[in-house]
Amino acid sequence: MSELLKITLPDGSVREVTRGTTPADIAAAIGPGLAKAAIGARVDGELFDITRPFEGDAQLALVTAKDEADALELVRHDFAHVLAEAVQALFPGTQITFGPSTDDGFYYDFAPKDRPFTEEDLPAIEAQMRKIIAADKPLKREAWSREDLIKRWTEQGETFKAEWAAELPGDEELTVYWSGGDWLDMCRGPHLASTGKLDPNAFKLTRVSGAYWRGDQANAMLSRVYGTGWLNKKQLDAHMLRLEEAAKRDHRKLGAEMDLFHLQAEAHGSVFWHPKGFRIYRELEAYMRRAIDGAGYREVKTPQVMDARQWEQSGHWGKYRENMFVIPDEVPNTEDEGPVISGDADWMALKPMNCPAHVLIFRQGLKSYRDLPLRLYENGCCHRNEPHGALHGLMRVRQFTQDDAHIFCREDQIIDEVRAFCALADRVYKDFGFTYSIKLALRPEKRFGTEEMWDMAETELRAAVVEAGLATPEYGWEELPGEGAFYAPKLEWHLTDAIGRTWQVGTIQSDRVLPERLDAGYVAEDGEKHRPVMLHRAIFGSYERFIGILIEHFAGKLPTWLAPVQAVVATIVSDADDYATEATAQLRTAGIRVESDLRNEKINYKVREHSLQKVPFLLVVGKREAEEGTVAIRVLGEQQQRFMPLADAIALLKSEATPPDLRA
RNA sequence: GCCGCUUUAGCUCAGUCGGUAGAGCACAUCAUUCGUAAUGAUGGGGUCAGAGGUUCGAAUCCUCUAAGCGGCACCA
């Protein structure tokens, strides 16, 4: 055992060291500065404790705060560890379970003894965490046997940890980390060398929430404490500032401030669109109609309420009935006393999706292979009785309208259709200034259809994305096992909101199940009846969600072609009223959404108000402009103004207000 | 649906020990005609989310219901 280990450093140099040597020893040998700065190690590419001895020859890269991604991962993991220790010190009897790092910090799930934690508990927990950091407790790794772990957790009353220890994979080395000599957590690591390596001013506990043990609704509800954690206070402050800025672009806040829409309890989860908000909606509709007309779709409109048997046949009744709005097909009893309905009525349901209705259109008349691909589009208004906790502004609502289409096609047309859709979606998102990520959601546990169908469907979607060149990290490409719909795998397009939450908008799904269940067929060249494949697809996802994301993306400052009011003509003195009215009329004739502001208010007041309303162009007219036939144009977000003849201003606005797909 | 929090004027919020409701903005009226992010004065406006309870007395304490917020779960 006296042989030397060869440790290769990033510069290619090799050091020979005895067994038991740690990366920290090597850092110390290189120099005291590095010894101090090094907080972790990449050994053969894997992130390790800096105090963990080498187990053989290895490539070593020391990790310092400059390796920000690794450093943050280490630090956040440690904050979670310290959080757990602090909570157990303050609330004896609390069980620890699990606590990973997150995108901006960490959390830890606890099983509280008496009551769930509340936000009022957070300051005391933070203070306790700072004590643990100040104590600079060494974090020491130890390998334990499964039996010892289970014994330890059982003795300590840690039933969740014991359950988990019993299920950890047997071929893995099981480890614990000591914090000083008096507290430990079961953990794969890695960790910093000691708690004192954390900056006590670089974290903040942010909120508490409930979370199910192992993410399963059937399990116990745990109490989760979230924190944000960074390398130093400057980073933390910058993060808190980012959150503040993000809150300002929340679409619910801007929706009220800009008078776009509102939500209220009487129709909770359904949107009241105000005139200005619905103008955005109409621009999106017009845009999408141009897009689908150009891409060979045909628009249809289908019934809002259909017989429940239709939903039984499609399979939705069995899986989603609890989220459907069900309606008795009966005239209600009008007597004051007595039941409203008799109870033996047939049931109908508000449509939760459009697919079956489109199949019913497809089934009208005998279809030939020559009819395929048949692309049916609908601005389809759907109702889903979503779990109340899921509702979120415009992003998740109970009544929404999808830009929904179903492409009925032959097997040999699938890949071309999916590729064409990828191109269309790409163009649409780019027209709105979005970058997106794209995922493939694979077969779920509960599903209809044969394994062969699923193999084919997954393969062809994957192939289309690969051929379109989108299956790259740049497009956030990943495959999500188990996340598909019950009838088909899904390609999903995701956009990100103001505070980094991602929302699915677009999708395309390759479905052989519903054509079968709803008996869609066509006559092929061989004269036999065949099943078409049905591609379900949407780009906006829903108009509601897409508008919510647009508002956040642009912080309310929508591009001119989408702005509800594109220009305001504001007067400085009432002598300019007639000219302003005339200018407004000319702009309106030119197709600009323009309003005039003749109020007896100072120009400062008007500028402020229309700026806050995010009007892209403010045309100011005073005596001078009225005499010269000019306007002073102030562009939203800019300080200075440009003077030009009214005719030039009209030309400028017409050009600015042209939708991207209509630009030369 | 689950956990925690919240709900007071159109909006944002204050309201102490349980003693009978307050500000700013917005709105209305009047004055002001002003050159690029808030002119001044005056005035109107509230079943304190809803229901029940405790109390001489409830915005305030308790229970239930609803909605909203942050997560979790769900998302055809």
Side-chain angles (χ1 to χ4, degrees), chain A residues 107 109 112 115-121 206-226 250 252-253 256-257 262-269 311 314-324 351-356 382 384-393 395-397 400 402 404 441 444 483-488 490 492 499 501 503-504 507 509 511 513-514 536 541-542 545 570-577 599-612 618 620-625 632-634 636-641:
Chain A
Y107 67 78
D109 286 347
R115 58 166 179 87
F117 299 118
T118 74
E119 278 174 29
E120 289 175 12
D121 296 323
T206 48
R207 55 183 177 248
V208 296
S209 92
Y212 298 106
W213 168 236
R214 299 178 153 199
D216 187 337
Q217 206 167 358
N219 291 340
M221 172 66 59
L222 304 172
S223 189
R224 175 173 297 179
V225 177
Y226 279 95
D250 188 305
R252 293 163 298 187
K253 181 176 153 69
E257 285 172 4
H262 85 272
L263 298 157
Q264 69 178 63
E266 283 71 10
H268 74 102
W311 304 110
S314 69
H316 293 95
W317 191 253
K319 188 159 167 37
Y320 289 112
R321 188 174 60 220
E322 63 178 11
N323 295 317
M324 288 169 67
K351 68 173 169 185
M353 37 142 46
N354 309 297
C355 341
C382 297
R384 294 180 189 172
N385 198 349
E386 302 283 11
H388 289 191
L391 300 177
H392 181 93
M395 305 296 202
R396 191 86 181 270
V397 285
F400 55 93
Q402 297 174 321
D404 198 7
E483 303 269 311
F486 71 84
Y487 52 77
K490 295 158 56 183
E492 301 178 348
I499 61 171
R501 287 182 289 214
W503 299 89
Q504 184 197 316
T507 185
Q509 306 160 9
D511 175 15
V513 171
L514 286 185
H536 308 242
S542 83
R545 176 176 291 183
T571 53
I572 298 170
V573 291
S574 53
D575 284 348
D577 284 2
R599 291 175 303 171
N600 177 12
E601 296 289 353
K602 291 190 172 178
I603 193 62
N604 284 324
Y605 181 86
K606 294 184 182 182
V607 167
R608 176 181 157 79
E609 194 164 275
H610 299 303
S611 297
L612 289 173
L618 190 56
V620 176
V621 297
K623 241 181 216 166
R624 202 191 317 155
E625 288 77 10
I633 293 195
R634 183 183 164 122
L636 181 61
E638 290 178 18
Q639 303 278 315
Q640 68 280 58
Q641 59 232 271

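Order of the sequence lines sets the chain letters (A, B, ...), proteins ahead of strands, with each chain counted from 1. Every value quoted in this text rests on a predicted model; they were computed, and no experiment measured them.
- Using a 4.0 Å heavy-atom criterion, one finds that A:I603 contacts the sugar-phosphate atoms exclusively.
- With both ends at atom C1', the span from B:U36 to B:C25 equals 22 Å, rounded to whole Å.
- A glycosidic torsion no more than 90° from 0 defines the syn conformation, and B:C17 adopts it.
- Between the base of B:G1 and the side chain of A:E386 there is no donor-acceptor pair shorter than 3.5 Å.
- A gap of 49 Å separates the P atoms of B:C2 and B:A38, to the nearest Å.
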* Derivation and outcome, side-chain contact (heavy atoms from CB on, under 4.5 Å), residues A:E386 and A:L391 -> CA-CA 7 Å; A:E386 302 283 11; A:L391 300 177; 4.0 Å; yes
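- Applying the side chain to side chain contact (heavy atoms under 4.5 Å, CB included) test between A:W311 and each of A:K319, A:M353, A:R321 identifies A:M353 as the sole match.
- Nucleotides B:G46 and B:C11 have their C1' atoms positioned 14 Å apart, rounded to a whole Å.
- Judged by atom type and distance alone, A:R321 does not reach the base of B:A76 through any side-chain donor-acceptor pair under 3.5 Å.
- For the pair A:S209 (side chain) and A:R224 (backbone), a donor-acceptor distance under 3.5 Å is absent.
- Rounded to whole Å, the separation between the C1' atoms of B:C34 and B:G40 comes to 13 Å.
- When heavy atoms are screened at a 4.0 angstrom cut-off, A:G215 is found touching the sugar-phosphate backbone but no base atom.
- Here the straight-line distance linking atom CD of A:E625 with atom CD1 of A:I633 works out to 11.0 Å at 0.5 Å rounding.
- Here B:C2 presents its C1' atom at 4 Å from CE of A:M221, a figure rounded to the nearest Å.
- No engagement by A:D216 is indicated, since no non-hydrogen atom pair under 4.0 Å with the nucleic acid exists.
- If you check B:A76, B:C5, B:U36 against the side chain of A:Q641, the one that comes closest is B:U36.
- Using Watson-Crick or G-U wobble geometry with both donor-acceptor distances under 3.5 Å, B:G10 finds its partner in B:C25.
- For the C1' atoms, the distance linking B:A9 with B:G43 amounts to 15 Å, nearest Å.
- In this structure B:C69 sits in a base pair with B:G4, meeting the Watson-Crick or G-U test at under 3.5 Å.
- You'll find that the side chain of A:S209 is closest to B:G71, out of B:A26, B:C34, B:G71.
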Each nucleotide N or O in nucleotides 59-69 of chain B that has a protein N or O under 3.5 Å away: list the pair and distance.
from, atom 1, to, atom 2, distance (Å)
B:A67, OP1, A:H268, NE2, 3.0
B:A67, OP1, A:H388, ND1, 3.4
B:C69, OP1, A:R252, NH1, 3.1

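- Among the heavy atoms of the strands lying under 4.0 Å from A:P352 is at least one base atom, whether or not backbone atoms are also near.
- When heavy atoms are screened at a 4.0 angstrom cut-off, A:A390 is found touching base atoms of the nucleic acid.
- Listed candidates were B:C5, B:A26, B:A76. Nearest to the side chain of A:Y605 is B:A26.
- Note on A:E638: nothing from the nucleic acid sits closer than 4.0 angstrom, heavy atoms only.
- Between A:R214 atom CZ and B:C72 atom P there is a gap of 19 Å when expressed in whole angstrom units.
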* Given the rule in the side-chain contact (heavy atoms from CB on, under 4.5 Å) test, do A:H536 and A:Q402 qualify, once you have shown the distances and angles that lead to the verdict? -> CA-CA 11 Å; A:H536 308 242; A:Q402 297 174 321; over 6 Å; no
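- One atom, CZ of A:R396, and another, C1' of B:C75, lie 4 Å apart when rounded to the nearest Å.
- A:E601 comes within 4.0 angstrom of a nucleotide base, judged by non-hydrogen atoms across all strands.
- B:C69 and B:A49 have their C1' atoms separated by 15 Å, with the value rounded to a whole Å.
- Among the atoms of the strands shown, none is found under 4.0 Å from any heavy atom of A:S223.
- Relative to the side chain of A:H316, the nucleotides B:A76, B:C74, B:G35 differ in distance, and B:A76 lies closest.
- Here the separation of B:U39 from B:C13, taken at their C1' atoms, is 26 Å to the nearest Å.
- At the heavy-atom level, A:K623 lies under 4.0 Å from base atoms of the strands shown.
- A residue-by-residue look at A:R384 and A:E120 shows that A:E120 has its nearest nucleotide of RNA chain B further toward the 5' end.
- Under the 30°/60° scheme for interplanar angles, the aromatic rings of A:Y320 and A:F486 are found to be tilted.
- Between A:D250 and A:R252, at least one side-chain nitrogen of the basic residue sits less than 4.0 Å from a carboxylate oxygen of the acidic one, meeting the salt-bridge criterion.
- Of all nucleotides listed (B:G4, B:A76, B:A37), B:A76 comes nearest to the side chain of A:Y320.
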* Give the intermediate values and the outcome of side-chain contact (heavy atoms from CB on, under 4.5 Å) for residues A:L612 and A:E257. => CA-CA 8 Å; A:L612 289 173; A:E257 285 172 4; over 6 Å; no
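- In this structure, the CD atom of A:E483 is 13 Å from the C1' atom of B:A73, given to the nearest Å.
- Look at A:N604 and you'll find a side-chain N or O under 4.0 angstrom from OP1 or OP2 of B:A37.
- The nearest whole Å value for the distance from the CG atom in A:N219 to the C1' atom in B:C74 is 15 Å.
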* Asked: Given A:D121 and A:T118, is the side-chain contact (heavy atoms from CB on, under 4.5 Å) satisfied, shown in steps?
  -> CA-CA 6 Å; A:D121 296 323; A:T118 74; 3.8 Å; yes
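- A donor and an acceptor atom never sit less than 3.5 Å apart when one is taken from the side chain of A:R115 and the other from the base of B:C3.
- Place A:Q217 and A:T118 on RNA chain B by their nearest nucleotides, and A:T118 ends up nearer the 5' end.
- Among the nucleotides B:G4, B:A37, B:A73, the one closest to any side-chain atom of A:V607 is B:A37.
- Contacts of A:K490 with the nucleic acid, taken as non-hydrogen atoms under 4.0 Å apart, involve only primed sugar atoms and P, OP1 or OP2.
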Tabulate protein N/O versus nucleotide N/O from nucleotides 28-30 of chain B, keeping only pairs under 3.5 Å, one per line.
none

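- Among the protein residues, A:Y487 comes within range of the sugar-phosphate backbone only, with heavy atoms under 4.0 Å from sugar or phosphate atoms but none that close to a base.
- For A:R608, whose side chain is taken as the heavy atoms from C-beta onward, the closest listed nucleotide among B:A38, B:G4, B:C75 is B:A38.
- Counting only heavy atoms from C-beta on, A:R224 has its side chain closest to B:C72 among B:A76, B:U36, B:C72.
- Taking only side-chain atoms of A:L612, from C-beta outward, the nucleotide of B:A37, B:A73, B:C2 with the closest atom is B:A37.
- Judged by atom type and distance alone, A:Y212 does not reach the base of B:G71 through any side-chain donor-acceptor pair under 3.5 Å.
- Across all strands, A:A632 comes closer than 4.0 Å to base atoms (heavy-atom distances).
- By the 6.0 Å contact criterion, CD on A:E322 is open, its count of non-hydrogen atoms from other residues, nucleotides or ligands being 12 or less.
- Counting only heavy atoms from C-beta outward, the side chains of A:H610 and A:R634 never approach each other to under 4.5 Å.
- The side chain of A:M324 sits closest to B:A76 out of B:G71, B:A76, B:A37.
- Straight-line distance between the C1' atoms of B:G10 and B:A31: roughly 26 Å, to the nearest whole Å.
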